[in-house]
Amino acid sequence: MSDLSYVPPVRFSPLGLQARPVHIKAAAVLLGTLVLAIASQISVPMLPVPMTMQTLAVILIGALYGWRLGVLTILAWLGEAATGLPVLANGSGGLAPFMGPTAGYLASFPLVAALVGWLAERGWNGNRPAFAVAAMLLGHALCLAFGAAWLATLIGAEKAMFAGVVPFLLGSLVKSGLGAAILMALVRRTNKAEEA
């Protein structure tokens with residue numbers, strides 16, 4: 001069923017949040033903002049630029065929470081950042097990141113979570129690893145496109161491509177594979193627990 005019109009099962013994610021009560025969903029949103037805040041501080045040395053785990057957290061939240069709850073979680077996290085909480089990369093917060101060079105990337109995050117979550121609900125999830133990788137690659141591509149588009153208004157299109165897209169391509173590939181592997185592991189673990 002690779003058809004995009006695929007009707008999602010109630011439980012497309014091992015977390016099964018769609019069937020949970022509202023207070024569990026609210027706790028998941030708070031936990032998601034905490035995971036995003038922590039992931040934003042994790043940086044892995046890579047060439048040509050270090051790789052943060054921020055976008056990995058964004059795509060996983062979309063894939064595990066679904067598009068609606070995923071978007072709500074990302075918006076809550078961005079709201080925390082806008083109020084000055086140090087939840088963004090390098091412990092930054094406040095309004096400056098939303099107007100500077102990273103504004104396009106930040107603006108893309110709810111859309112990335114929506115896209116990956118929407119695809120996950122249609123079967124592009126840990127049950128189908130190739131589709132999960134594809135969904136995450138599409139999410140990263142959307143993030144880089146928005147980031148580069150905003151950056152182009154500041155430094156020009158060519159410089160934006162070389163500064164805001166090319167250095168992040170390898171990290172996007174790595175994080176998409178890692179994200180799919182995490183989803184697969186969670187699905188296997190859930191399946192084993194249900195069989196026991």
Side-chain angles (χ1 to χ4, degrees), residues 13-15 17 27-67 69-82 85-94 97-98 100-117 119-120 124-126 129 132-148 150-151 163-187 189:
S13 160
L15 302 180
L17 290 174
V29 168
L30 290 175
L31 179 63
T33 64
L34 177 62
V35 167
L36 267 166
I38 292 168
S40 297
Q41 309 315 311
I42 299 171
S43 181
V44 178
M46 257 180 90
L47 292 174
V49 294
M51 178 177 64
T52 70
M53 295 296 111
Q54 191 173 57
T55 54
L56 175 62
V58 169
I59 60 175
L60 280 174
I61 285 171
L64 291 169
Y65 283 25
W67 78 266
L69 198 58
V71 168
L72 181 61
T73 302
I74 304 302
L75 289 174
W77 171 71
L78 291 173
E80 292 170 357
L85 292 176
V87 296
L88 300 177
N90 301 317
S92 62
F98 294 92
T102 61
Y105 303 102
L106 294 174
S108 77
F109 288 164
L111 300 173
V112 169
L115 173 63
V116 174
L119 290 171
W124 296 40
N125 53 43
V133 171
M136 293 182 178
L137 285 171
L138 287 170
H140 278 105
L142 181 62
C143 177
L144 292 175
F146 265 73
W150 173 256
L151 206 50
V165 175
V166 174
F168 301 102
L169 292 176
L170 179 59
S172 295
L173 288 170
V174 170
K175 288 185 273 188
S176 294
L178 180 58
I182 290 169
L183 288 180
M184 287 173 23
L186 288 172
V187 166
R189 184 175 177 197

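The residues of the chain are indexed from 1 along the displayed sequence.
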Hey, what do you get for CD (Gln41) to OG1 (Thr52), rounding to the nearest 0.5 Å?
9.5 Å
Any side-chain heavy-atom pair from Tyr105 and Thr55 closer than 4.5 angstrom?
no
Do Leu34 and Leu30 pass the side-chain contact (heavy atoms from CB on, under 4.5 Å) test, and can you show the C-alpha distance, the side-chain angles, and the key distance before you say yes or no?
CA-CA 6 Å; Leu34 177 62; Leu30 290 175; over 6 Å; no
I need the minimum non-hydrogen distance between Leu78 and Phe98, along with the two atoms involved.
O-CZ, 3.6 Å
Nearest non-hydrogen partners of Trp124 and Ala134, listed with the distance
CZ3-CB, 4.0 Å
Kindly compute the distance separating CG (Asn125) from CG (Leu186), expressed to the nearest 0.5 Å.
11.5 Å
When rounded to the nearest 0.5 angstrom, what distance separates CE in Met53 from CG in Leu60?
10.5 Å
Return yes if some donor-acceptor pair links the side-chain N/O of Gln54 with the main-chain N/O of Leu88 below 3.5 Å, else return no.
no
To the closest 0.5 Å, what do you measure between CG (Leu36) and CD1 (Ile61)?
3.5 Å
pair Ile38-Ile42: side-chain heavy atoms closer than 4.5 Å
yes
So Thr73 and Thr33, do their side chains get closer than 4.5 Å, heavy atoms only?
yes
Can you tell me how far the SG atom of Cys143 sits from the CZ atom of Phe168, to the nearest 0.5 Å?
9.0 Å
With a 3.5 Å distance limit and no angle check, can you tell me whether Trp77 reaches the backbone of Val87 through a side-chain donor-acceptor pair?
yes
Which pair of non-hydrogen atoms, one from Pro110 and one from Ile74, has the smallest distance, and what is that distance?
N-CG2, 3.6 Å
Write down the atom of Leu64, the atom of Ser13, and the distance for their closest heavy-atom approach.
O-OG, 2.9 Å
Stepwise side-chain contact (heavy atoms from CB on, under 4.5 Å) test for Leu169 and Leu144
CA-CA 9 Å; Leu169 292 176; Leu144 292 175; 3.9 Å; yes
Is a side-chain N or O of Lys175 found less than 3.5 angstrom from the main chain of Met136, in a donor-acceptor match?
no
Test side-chain contact (heavy atoms from CB on, under 4.5 Å) applied to Leu138 and Val116, step by step
CA-CA 8 Å; Leu138 287 170; Val116 174; over 6 Å; no
